[in-house]
Amino acid sequence: MLIAALNPCPCGKHGTRDCACLPHTVEKYRRKISGPIADRIDLWVQVGDISPESLAQKRGNAPAESPAARARVKIARSKQSERFTNAKDVTTNADMGPREIEQSANLTPLAEETLVTAARSMKLSPRGYHRTIKVARTIADLFNSEAIEKDHMLEALQYRSREL
């Protein structure tokens, strides 16, 4: 598992009035991550500023997630365990190879059409294409859906976007 952080531009204030970076500087900065490395990152998420006051607050022993979210994750993990009971070296959606994707992803025709269209416009590599299906399968599992629907695919595609 890889978790990484990246500023949106050299000064770190892109999108605010305080940013003085020129567009070509921002683009050059973003290209520092090579395509093959970026292709292996499944979820690109923008995180906003955190105020010093919120950092100073004591969190106590409060859970990091809600009980409802925890229950959804448990159900999704259980579905994956059942799905891959007889598969060798595959226990989660992230472990799926092209063969398991073909057998287990269960895309609706509309979800597949959405992916193909987006793959063309986003210039997804074969790796990016398959990784998007894996993320969409996990999203579908979180919503207790047997099939990957168009909305699941659209959400997965949003996570592939490197636009910060």
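Side chains included, hydrogens not; waters and symmetry mates left out as well; all remaining heavy atoms used.
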R160 charged N/C atom sitting above Y129 aromatic ring, 6.0 Å / 45°: no
Pairwise side-chain contact, S34 with I37, heavy-atom cut-off 4.5 Å (strictly under): yes
Verify same cluster id: L142, L157 (apolar side-chain graph, 4.5 Å): no
Value rounded to 0.5 Å, distance of CD1 in I133 from CG in N106: 11.5 Å
Any donor-acceptor pair under 3.5 Å from S78 side chain to K74 backbone: no
Pairs where residues 111-123 contributes a residue and the test salt bridge (charged side-chain N to carboxylate O under 4.0 Å, His left out) is met, not counting sequence neighbours: none
T25 (side chain) donor-acceptor with C21 (main chain) under 3.5 angstrom: no
From Q80 atom CD to E82 atom CD, the distance as rounded to the nearest 0.5 Å: 11.0 Å
Residue pairs passing the salt bridge (charged side-chain N to carboxylate O under 4.0 Å, His left out) test where at least one lies in residues 146-157, sequence neighbours excluded: K79-E146
Smallest separation among heavy atoms of H152 and A140, with atom names: ND1-CB, 3.6 Å
Partner residues of P126 under the side chain to side chain contact (heavy atoms under 4.5 Å, CB included) criterion, sequence neighbours left out: none
Salt bridge (charged side-chain N to carboxylate O under 4.0 Å, His left out) contacts touching residues 8-26 (sequence neighbours left out): none
Where A147 and T108 come nearest, the two heavy atoms and their spacing: CB-CG2, 3.8 Å
R72 side chain vs F143 backbone, donor-acceptor pair below 3.5 Å: no
R137 and S104, any side-chain heavy atoms less than 4.5 Å apart: no
Gap between atom CZ of R127 and atom CZ of R131 - 0.5 Å precision: 7.0 Å
Listed once per pair and sorted, the side-chain hydrogen bond (donor to acceptor under 3.5 Å, both in side chains) pairs that draw on residues 86-98, sequence neighbours left out: R83-N93, T91-D95, T92-D95, N93-T138, N93-D141
Joint cluster assignment, I33 & Y29, ILVMFWY side-chain distance < 4.5 Å: yes
Heavy-atom side-chain proximity of T132 to M153 below 4.5 angstrom: yes
Would you be so kind as to tabulate the donor-acceptor pairs closer than 3.5 Å made by side chains of residues 96-103, with sequence neighbours excluded?
residue, atom, partner, partner atom, Å
E100, OE1, G97, N, 2.7

Residues, nucleotides or ligands: over 12 heavy atoms within 6.0 Å of R77 CZ: no
Residue pair Y159 / D42, side-chain heavy-atom distance below 4.5 Å: no
Pairwise distance CD1(I3) to CD1(I41) - rounded to 0.5 angstrom: 11.0 Å
Interatomic distance, I148 atom CD1 to T114 atom OG1 [nearest 0.5 angstrom]: 11.5 Å
Shared hydrophobic cluster, L110 / L115 (ILVMFWY, side-chain heavy atoms < 4.5 Å): no
Cluster check V135, L124: I/L/V/M/F/W/Y, side chain < 4.5 angstrom: no
Backbone N/O of S51 and side chain of S54: donor-acceptor pair under 3.5 Å: yes
Shared hydrophobic cluster, I139 / M122 (ILVMFWY, side-chain heavy atoms < 4.5 Å): no
Atom pair NZ/SG of K28 and C9 - distance to nearest 0.5 Å: 14.5 Å
